[in-house]
Amino acid sequence: QVQLVESGGGLVQAGGSLRLSCAASEDTFSRFGMAWFRQAPGKEREFVAAIKWSGTSTNYADSVKGRFTLSRDNAKNTVYLQMNSLKPEDTAVYYCAASSSRYYGVQTGLYNYWGQGTQVTVSS
């Protein structure tokens, strides 16, 4: 059973930056597609970004393109979400997800491991 542990959330002013990390418990991480989703109060969980197992390809939601950067370090079993130019509408609980089938798209149902989530709050 793969365990994912997110960290790096917090409170930041609009225009600021945060870096989220997601550490996986197994070395098989290097073969997984990885993604971040977020869920704001009263809203459905939505796709943020995803990265191929090799790190050579990424996908981003239109709402974060140009502001967020997703990367991974397979030697450390960790993915990183660098979030710049944060806006109040980025406020949400951010979840890390892993797909053992190497999927790295937008569908929540194709990720079979999830972290507990980390809160990101952006004040105006």
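Numbers here are sequence positions counted from 1.
Not less than 6.0 angstrom separates the ring centroid of Y95 from the ring centroid of F37.
At least one test fails for R72 against the ring of W53: distance under 6.0 Å to the centre or angle within 45° of the axis.
Here the CD atom belonging to E44 is positioned 10.0 Å from the CD atom belonging to E46, to the nearest 0.5 angstrom. For the atom pair CG (L86) and CG (L18), the distance works out to 5.5 Å, reported to the nearest 0.5 Å. With values rounded to the nearest 0.5 angstrom, Q13 atom CD is found 13.0 Å from T121 atom OG1. Taking CE of M34 as the reference point, atom CG of N77 lies at 9.5 Å (rounded to 0.5 Å). S100 contributes atom OG, which lies 10.5 Å from atom CD of E26 (distance to the nearest 0.5 angstrom). For the atom pair I51 CD1 and W36 CH2, the distance stands at 12.0 Å (nearest 0.5 Å).
Hydrophobic clustering (ILVMFWY, side-chain heavy atoms < 4.5 Å, transitive): L4 and V79 are in one cluster. M83 and Y80 sit in two unconnected hydrophobic clusters of ILVMFWY residues. Membership requires side-chain heavy atoms under 4.5 Å apart, directly or through other members. No single ILVMFWY cluster, assembled from side-chain heavy atoms under 4.5 Å apart, contains both Y104 and L20.
A side-chain donor-acceptor contact under 3.5 Å links T91 to the backbone of V122. A donor-acceptor pair is defined here as one N or O able to donate and one able to accept, closer than 3.5 Å; no such pair exists between the side chain of Q3 and the backbone of A24. Listed for the Q82 side chain is no donor-acceptor partner under 3.5 Å among the backbone atoms of F68. With hydrogens and angles ignored, the 3.5 Å screen pairs a side-chain donor or acceptor of Y60 with a backbone N or O of L70. In this structure a side-chain-to-backbone donor-acceptor pair under 3.5 Å is missing from N59 to V106.
Taking a cutoff of 4.0 Å between a charged side-chain nitrogen and a carboxylate oxygen, K87 and D90 do not qualify as a salt bridge.
The ring pair (Phe, Tyr, Trp, His ring centres under 6.0 Å) test with Y103 singles out one residue from F47, Y111, F32, Y113, and that residue is Y111.
Remark: the T78 side chain and the D73 side chain contain no N/O donor-acceptor pair separated by less than 3.5 Å.
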